[in-house]
2 protein chains.
Amino acid sequence: MPKIDPARLIGDLRRLAEFGRHGTGVHRLSLTDIDIQSRHWLCQRLTDAGLDAQIDGVGTVFGRSRAKGPVLLMGSHTDTQPKGGWLDGAMGVIYALEIARAFAADPACAGLGIDVASWIDEEGHFPVGFLGSRAFVGELELKDVTGAKSRDGVALGDALKAAKLDGVAPVRLEPGRYKGYLEAHVEQGGTLEREAKRIGVVSAIVGIRGGVAVFKGEQNHAGTTPMPLRKDAAVALFEFATRLNRSFAEVAGPHTVWTFGRVVLEPGSPSVIPGHTELTLQFRDPDTPRLDALSQRLDAMLAGTNAAGPCSVVLIQPRRTEPAPMDAGFQDVIETVAAKHAPGLVRRMHSAAGHDAMVLARHMPSAMLFVPSIRGISHDIAEDTSEADLVLGCQVAADAAAAFLKA
Amino acid sequence: MPKIDPARLIGDLRRLAEFGRHGTGVHRLSLTDIDIQSRHWLCQRLTDAGLDAQIDGVGTVFGRSRAKGPVLLMGSHTDTQPKGGWLDGAMGVIYALEIARAFAADPACAGLGIDVASWIDEEGHFPVGFLGSRAFVGELELKDVTGAKSRDGVALGDALKAAKLDGVAPVRLEPGRYKGYLEAHVEQGGTLEREAKRIGVVSAIVGIRGGVAVFKGEQNHAGTTPMPLRKDAAVALFEFATRLNRSFAEVAGPHTVWTFGRVVLEPGSPSVIPGHTELTLQFRDPDTPRLDALSQRLDAMLAGTNAAGPCSVVLIQPRRTEPAPMDAGFQDVIETVAAKHAPGLVRRMHSAAGHDAMVLARHMPSAMLFVPSIRGISHDIAEDTSEADLVLGCQVAADAAAAFLKA
């Protein structure tokens, strides 16, 4: 089996975290100067590992194996959230680099290939959504999104030009090349830590639905408008949220979560009855029939509110991302090899956050492996994972990659 | 009985509305240049009516009768809301002016006095609260509030200096001088119009209580935090508001109103569980025991929420204005004379908004008379009342003033 080098792994992780270091975390937004510098560094590391490496026309760093045998695609992303963590994405990319090196040094892996990708902009600095992986699989064309503007107001096309990537062809999925895709990631939640597990084998990535419920009532004076004459859009919103909360609980499964993240009351003055209110809601589940059941509850609540009055409600900006089940055979392979390293400390679990593996899973057998997040913290400079868990996760991923390719 | 002059009344109301005209409404904030100009105009009108008139040291315009007999204090305010209506306050002041003139011309009113006041800043351009009437009755000292800053950031002391009023003594209530206080006002609600009444006799001005309920939970990731582990401050707020809404309905009287005017969810992102939320609530009733019952319900809901968890709640910025009952005998006088002019079209009612009469009622028998507001609109340039109702209201107020002084 390929043997990973813990010092080299941790060293590269720490070196990458220097690009855009922010306290104990990292601020490295897609296609900014520091991000481009880190991509050139990564390209060199991949080249040193014997891969044919390049930064492609959308900014994805891609290292192609020269092996003749079956090939596994591995990767994640190296862009970060604003003031984000040092491992979110970066870990999966450096795991892939380390595993490519371990394969090259292991005679038992002769002929087996690891292609390494750092998909550009998983964190959505540009409002495109999984730009790198979707461009790779052919789900979007660069020319259709060059006008998309970053949080800083820079158009994607201009950012690529500044990075001297304009005119460079995007790397595209080569049909038949891959046996599968493997992405390792920090959990970003507290489940593994709470249950004292060390490896999570992802069964599915959740689907996300929701939207903004907009209530229309009648703005009026809070003193002179008798209660029976009111059309209070705030009261309608509170009732709706409270009843939907109970209704969802009746059909929720063990993995269902739902959140009311944002409320707007207009005009928002203590002495004025709100005439227009907005409730942003979102629900997630790894299972489509469950999501459908929740959607039915939401639709019924919307219809019931409109039928009962006195306020009307409509759902705008509907959001719908389908769940992405991970390949069952690949999950079994990971669980088997993980159990050898950490018997009893492996857990099947879903991912409650989106990842590039959602995109790749539509095109090849895909899998994800989680390592514990300390205190479940992510999207924050406090994000961390113990070195022992980082090393264990990489060795399990290496063994799983080898076993999957040899199966 | 004194006979008012409809053309003179309407003419003065329209002339006053020219100061700060804004479309069909008026923008005349306390102690701004245009407001001071209007006060000089009013002073001259009061002088022409035979009163000893002045602008006092806080900006109140005061016209003092030279009559020897019993005196009635009348008035309201001539400052307006930003882009407000032309009658809110102004009507009561011009009624008082017109009635002083009618008294002077009526031999049957010989010896009966009408003092006329336009109390400064009823609308709270400076955050003092009923500045003019409270300074008059001695409930506040000017020197304690000269630092109060207007919406425009001007200190009250500087505004008075700019108006050349610094050093002018405030007019103070002369003990024993008044038999009572009468304030006429537009209703600002839709009750009279809905019931096709023409005169409202105010039984009491409501008390107002409330505050801001602040919920503390735990901010977390909307995907990776399982429902049983959440401390969702938004859900806590929705539950609280919904249950308080029902609890209040159980103890509400016919005049009780309550409003949730403002909500804050922190951080307010679709994918983050809110850890800090705020709910601004306000309730009004003309009756203190009823307000106490509502307060008990609120206290119980706060205690119950804290006992049940998982979020805590505390009420900050508590607000408490006591109800002000109007003088019973004075109400009877108004109702009797009103019924002669408009039989069957008179209604006892409370005032759901605050007025200077709240302050005066603590120091002398006080009463208020309402005329209908078209479509119940106020604090808006669309505010209006029919000319017939404006004239009727003034004649009823004149007759009531005479009858009250002669009683």
Side-chain angles (χ1 to χ4, degrees), chain A residues 187-191 194 206 208 210 212 220-227 229-230 232 234-235 237-243 245 248-249 252 254-265 267-274 277 279-282 284 319 351-354 373 376-379, chain B residues 187-191 194 206 208 210 212 220-227 229-230 232 234-235 237-243 245 248-249 252 254-265 267-274 277 279-282 284 319 351-354 373 376-379:
Chain A
E187 181 197 343
Q188 305 185 277
T191 300
R194 268 196 309 279
V206 295
I208 305 182
V212 179
N220 228 321
H221 191 292
T224 59
T225 312
M227 299 308 284
L229 300 182
R230 294 183 176 208
D232 187 326
V235 168
L237 182 152
F238 300 146
E239 283 277 350
F240 184 94
T242 301
R243 292 174 58 208
N245 199 42
F248 272 11
H255 307 309
T256 312
V257 291
W258 63 95
T259 305
F260 306 96
R262 189 164 169 271
V263 162
V264 175
L265 302 193
S269 164
S271 289
V272 183
I273 302 165
T277 61
L279 175 69
T280 300
L281 64 106
Q282 180 192 94
R284 308 184 187 208
R319 176 178 181 181
S351 168
S373 290
I377 296 170
S378 190
H379 289 190
Chain B
E187 182 198 340
Q188 304 185 278
T191 300
R194 270 196 309 278
V206 293
I208 305 181
V212 179
N220 228 320
H221 192 291
T224 59
T225 313
M227 299 308 285
L229 299 182
R230 294 184 176 208
D232 187 326
V235 168
L237 181 152
F238 300 146
E239 283 278 349
F240 184 93
T242 301
R243 292 174 58 208
N245 199 40
F248 272 11
H255 307 309
T256 312
V257 291
W258 63 96
T259 306
F260 307 96
R262 189 165 170 271
V263 161
V264 175
L265 302 193
S269 165
S271 289
V272 183
I273 302 165
T277 62
L279 174 69
T280 300
L281 64 107
Q282 181 192 92
R284 308 185 186 207
R319 177 179 180 179
S351 169
S373 291
I377 297 169
S378 190
H379 288 190

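Only a predicted model underlies this, so the values are computations on that prediction, with no experimental measurement involved. Only this structure's heavy atoms are used, side chains among them; waters, hydrogens and symmetry mates stay out.
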Of B:G190, B:A234, B:G210, B:A222, the largest count of non-hydrogen pairs under 4.5 angstrom with chain A goes to B:A222
Here the pair of heavy atoms bringing A:G223 nearest to B:A352 is O-CB, 2.7 Å
Side chains of A:S271 and B:H379: closer than 4.5 Å at any heavy-atom pair? no
Tell me, for A:T225 versus chain B, whether the close heavy atoms (under 4.5 Å) come from the side chain, the backbone, both or neither. backbone
Segment of B:V257 engaging chain A (4.5 angstrom heavy-atom cut-off): both
Looking at B:V235, B:N220, B:D232, B:V206, which has the largest count of heavy-atom pairs under 4.5 Å with chain A? B:V235
In terms of heavy-atom pairs under 4.5 Å with chain A, the winner among B:V264, B:T280, B:V263 is B:V263
At a heavy-atom separation under 4.5 Å, does B:E239 approach chain A through its side chain, its backbone, both, or neither? both
May I ask you to check whether A:R230 and B:T259 show a side-chain donor-acceptor distance below 3.5 Å? yes
Which of B:T191, B:I208, B:L281, B:L229 touches chain A most, by non-hydrogen pairs under 4.5 Å: B:L229
Answer key: most heavy-atom pairs under 4.5 Å with chain A among B:A353, B:P226, B:S269 is B:S269
Chain A: which of B:P254, B:A249, B:P270 shares the most heavy-atom pairs with it under 4.5 Å? B:P270
So, A:T224 and B:E187: side-chain donor and acceptor under 3.5 Å apart, yes or no? no
Please round to the nearest 0.5 Å and tell me the distance separating atom CZ of B:F260 and atom OG1 of A:T277. 13.0 Å
Count the heavy-atom pairs under 4.5 Å between each of A:Q282, A:R243, A:R319, A:Q188 and chain B, then report the option with the highest count. A:Q282
Leading residue by heavy atom contact count with chain B [cutoff under 4.5 Å; candidates A:H255, A:R194, A:H221]: A:R194
